[in-house]
Enquirer: 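Can you keep this structure in mind? I'll have questions shortly.
Below, chains carry the letters A, B, ... as their sequence lines are ordered, and counting in each starts from 1. These figures come from a predicted structure and were not determined experimentally.
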Amino acid sequence: MARASESILIADFDKLVKELKTINPQLRKDFNKGLNEAVKPMQQLAKTFVPGSIQYQDRDVFAQQPPDYTSPAWVNDKVHRSRDPLRWTWQPSIVARGIKIRRTTINKTPFGYNKVAVAALALVNSTPSGAIYELAGAGKESSQAKTKSVSRNYKAQDDFRVFFPKVAGTPKRLIYKAEAILGDKVRNEITKVIDERLYKFIRGVK
Amino acid sequence: MVMGRKEVAVDFITRLKDKGFKDLEKNSKKSIKTLQKFGKVLGLTFSAVALTAFVKKSAQQFAELEKNTRRLESELGQLGLAFASSLATDFTRSLALSSGISQDKLIPALQKLVQTTYTLTDAQKLLTLSTEISKRKGLELEQVSNALSRAFVGDYKSLVNLRIGFERAEVQGKDFQEILNQLQTEFGSKQADTFADKINKLAVAFEETQVAIGKGFVEGLEKSGLSIEDTQEKMIALGETFGKALGKAVGFIDKVSDKLDSLAKNPAILAIFDFLDRLMGIDYGAAGRAADAETNARVKAANAYTKQLETQGKLVKLAEVEAGLAKQRAAEIARLKREELKRAAEKKRSAELERLRNSIQFKFDIDAINLQAALRRQLSQTDRDRVLQLSALKISDYQTDEEAIKTLQAATQGRYDDAMNLEKVLQLLKTAGFASDKASIDALAALKPEIKFTDNLDDILEKLKKIIEGKYMISIGATITVPNIPSPGGSVTAGGVPGTFNPGGFRKKDEDTSKDIPVIPNPPAIVKPDYIDLPGEIGGEPAMGLKDIFASNAAAFRYFEENQSSRLRNLFEAGAVPSNFDVASARFFEETGFTARGNATPSFFDPAGFRARDEGVVVNVNVQGSVVAQNDLVAAVTDAVYATQRSGNSLILAE
């Protein structure tokens, strides 16, 4: 998870954007564009970390095509089927496309007694396989104990924790890796955008 | 364990979002535990039920109030009065305290009034009045404020229904300002509070307290557990509300007052405050408290002054904005009134049209009357009136409402001239079958000649003639252009048909075989032996009057059938069929009376001329002189058309 503490909190962000639109629609557009451009280098960098294939001893860890569950072993087993057929399918272009800049996320953090904190600008790794690749093996043993395994592979959890890092390297492999490299720069850039494009304008108006 | 779905994301900017009421309730459960803990710290014990009730009620009231306030803010925002929302909430708060009506009721009422009046000032005025009326007459505030807001836009029905001294006849046609003045005279002055009012006021004060706790204290606790950010006053208020939540009845003001005092002076509570302050790192002794009290008083005074300045600024701005809104409102009301008048006029017109139509229609069985026949007949005055009215009825279908009313009115009063002009006559012509081409009728109608219909078509013709008389040289039907048909023995270029030429007579003469036809081409030379007679010949001469020479001969036919040999083939026998006998020609002669020669095309036959004669004639109207008015030209054309119609030929309107 991203370092939430490092995220810039703008309590009334929606109101701010709405007011910007009222003052001048172009101002809002410029502001949004500035924010997106600030995060873009990190997005590009994260995309370069997406490997063409993930192999172990010349065998693909992820399937190349979604499973059809027609093999005799799977045909009667509906319990262990994945809810998302693309979850264990590695298609690099789709994974790269799934790394995008979004103005909201589904993550919510309680804030105060009647509010929640949600992202107003975030870089997300939105594909299921991308998320697995990003974080497989990252959990601590305490968190893994809470996770219920639904796999037919009784060693699945160990595979995640021990085997996958051997194949793909240490966890936090895509956007978090990019964040570790470029995060501070991006945050500075965002602060600059807010400062330069917004506060200056407001000061100018006043 | 079901885990919330998370997304792999790096957040750069975070915003805050409101949670729903459910979240609030969920949090309030958490608050109960904290409060119980805190109660223990205070050395008090509260029952879980009472605490639950308290927290729930506080949270609910706060949430409800906040919801109402937001609605009001949004309403004000829409009118561009967002800056005045704090003024509005201050007003409702003070009104709630002074009137004893809870803010929960006042804010929606104010919102509704703002919606109607478009101004905060007027809305506040009306709300104050509403509270006074509701108090004195024992009515619901919502009912009264709704009635006043309706009355503001001119709908006094609800106000009359309130039964506060207004009758329908009294308010009818009155301006709202007059009614408002009347209401203010009656309800404007405040009456002394009754005991019930006082109790209500107290209840409002408690409610406010509870809301304050719901807002500030619960928030504080939720945020940081045993928070001591809140002021001592809030904590005292909390203690008081705890008392209320525990079910300690608040029936008398004295008791409440005593309770407040005792709680405020309670050494245990004061000690706890000291303890809490020390927890925060504030050295808070008795002397410190006195110094702080002075500082607090100064800060309070400064804050009050700042607020006063702010309020004044807002009031000035409010006056400006409301002046603009009042203008808009006035313009809108004027527009609505205009539209209303327009609608009323339209309705009246439609009703008049319907009435006229009905008054005429019931006299007729329209299907039973043949308009065409009626127009052409000589009619009595009564029938003529009826025909006119029926025609007008038909015409009105093609007209706009206003025109139709005029036409039908004129028809009912027997004013022919007004009822119909030529345009309508053209419609009649169409109805009567004189012209079938709509485009031509429309083209003529578009010119709108100012010729009135008086009696019948003959009269129209007369009028048309009079109008054009002396202005133009018009020969109607005089120049009939047909391709030149040469006279017998003449040539095509020799000139046109003589004035005495009669196409009907010519045709008749041409087809009549019973007479000696002087105008025939030279008969073809017949090469045959003298002893052979051709059909219709006896002894080589034409057999005049022997029309039954080919009558069937049953005996001969039978003979032929039986012997396979025809007597008719005997060329030497008189009446026998010659070898060159043409059965088809013979049948044609039998059936039509035409000879085979008559069926043949003469050498001088001109197909174009024949077609022109067969299909109609082209009528050219030559106009000499300057055309000064289109109407006259149209009149001339119309005259020509009528004349052609009368000649018996069908009318063809060409492009």
Side-chain angles (χ1 to χ4, degrees), chain A residues 1-4 6-17 35 38-39 42 46 98-99 101-127 130-132 134-135 146-148 172 174-176 178-179 183 186-187 189-190 194, chain B residues 1-32 34-35 55-56 58-60 62-67 70 73-74 77-78 80 82-83 85 213-225 227 229-230:
Chain A
M1 192 70 192
R3 287 167 287 175
E6 290 182 28
S7 173
I8 300 161
L9 172 68
I10 303 177
D12 294 328
F13 187 79
D14 289 353
K15 204 175 159 194
L16 172 75
V17 171
L35 292 179
V39 189
M42 201 170 120
I99 295 173
I101 300 163
R102 278 232 298 259
R103 303 309 297 266
T104 185
T105 62
I106 56 174
N107 300 341
K108 289 178 190 169
T109 317
F111 190 96
Y113 77 101
N114 66 346
K115 289 192 186 299
V116 284
V118 291
L121 176 70
L123 182 68
V124 295
N125 185 355
S126 63
T127 51
I132 292 170
E134 175 90 50
L135 288 176
K146 291 178 192 167
T147 314
K148 188 188 168 190
K172 302 193 176 174
L174 299 175
I175 60 169
Y176 291 135
E179 197 259 343
V186 169
R187 265 182 285 276
E189 196 63 31
I190 289 171
I194 295 171
Chain B
M1 181 181 166
V2 179
M3 291 187 69
R5 197 178 150 214
K6 291 279 179 189
E7 197 169 39
V8 180
V10 180
D11 298 349
F12 291 104
I13 298 178
T14 309
R15 65 187 171 93
L16 297 182
K17 214 172 137 186
D18 290 333
K19 280 161 92 178
F21 183 69
K22 276 184 182 173
D23 291 326
L24 193 67
E25 272 205 317
K26 207 162 69 186
N27 283 338
S28 71
K29 280 178 194 162
K30 219 166 142 190
S31 304
I32 291 165
T34 319
L35 280 170
V55 172
K56 225 173 184 176
S58 294
Q60 269 176 358
F62 168 59
E64 191 62 34
L65 188 65
E66 200 180 48
K67 205 166 76 184
R70 275 196 192 160
E73 277 173 5
S74 142
Q78 277 186 358
F83 64 88
S85 55
I213 289 171
K215 185 175 184 257
F217 189 71
V218 176
E219 188 177 19
L221 289 175
E222 180 63 24
K223 217 169 185 175
S224 52
S227 168
E229 291 165 3
D230 288 344

Enquirer: I need the minimum non-hydrogen distance between B/Val8 and A/Ile175, along with the two atoms involved.
Expert: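 It is O-CD1, 3.8 Å.
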Enquirer: Can you tell me which of A/Leu121, A/Val39, A/Leu9, A/Val186 forms the most heavy-atom pairs within a distance under 4.5 Å of chain B?
Expert: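 Winner by heavy-atom pair count: A/Leu121.
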Enquirer: Knowing that exactly one of A/Val116, A/Leu16, A/Asp14 qualifies, which makes a side-chain contact (heavy atoms from CB on, under 4.5 Å) with B/Arg15?
Expert: A/Asp14
Enquirer: Apply side-chain contact (heavy atoms from CB on, under 4.5 Å) to A/Ala38 and list each qualifying residue two or more places apart in sequence or on a separate chain.
Expert: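 A/Ala38 satisfies side-chain contact (heavy atoms from CB on, under 4.5 Å) with A/Glu189, A/Ile190 only.
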Enquirer: What part of A/Leu35 is in contact with chain B, defined as an atom under 4.5 angstrom from a non-hydrogen atom: side chain, backbone, both or neither?
Expert: side chain
Enquirer: Holding to side-chain contact (heavy atoms from CB on, under 4.5 Å), I want the full list of residues that pass it with A/Ala119, two or more places apart in sequence or in another chain.
Expert: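 Residues passing side-chain contact (heavy atoms from CB on, under 4.5 Å) with A/Ala119: A/Thr105, A/Ala122, B/Asp11.
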Enquirer: With respect to chain B, which residue among A/Thr104, A/Val118, A/Ile99, A/Ile10 yields the maximal number of heavy-atom pairs within a distance under 4.5 Å?
Expert: A/Val118
Enquirer: Does any non-hydrogen side-chain atom of B/Val10 lie less than 4.5 Å from one of A/Tyr176?
Expert: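 Yes; the side chains approach each other to less than 4.5 Å.
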Enquirer: I need the B/Leu16 CG to A/Phe13 CZ distance, nearest 0.5 Å.
Expert: 12.0 Å
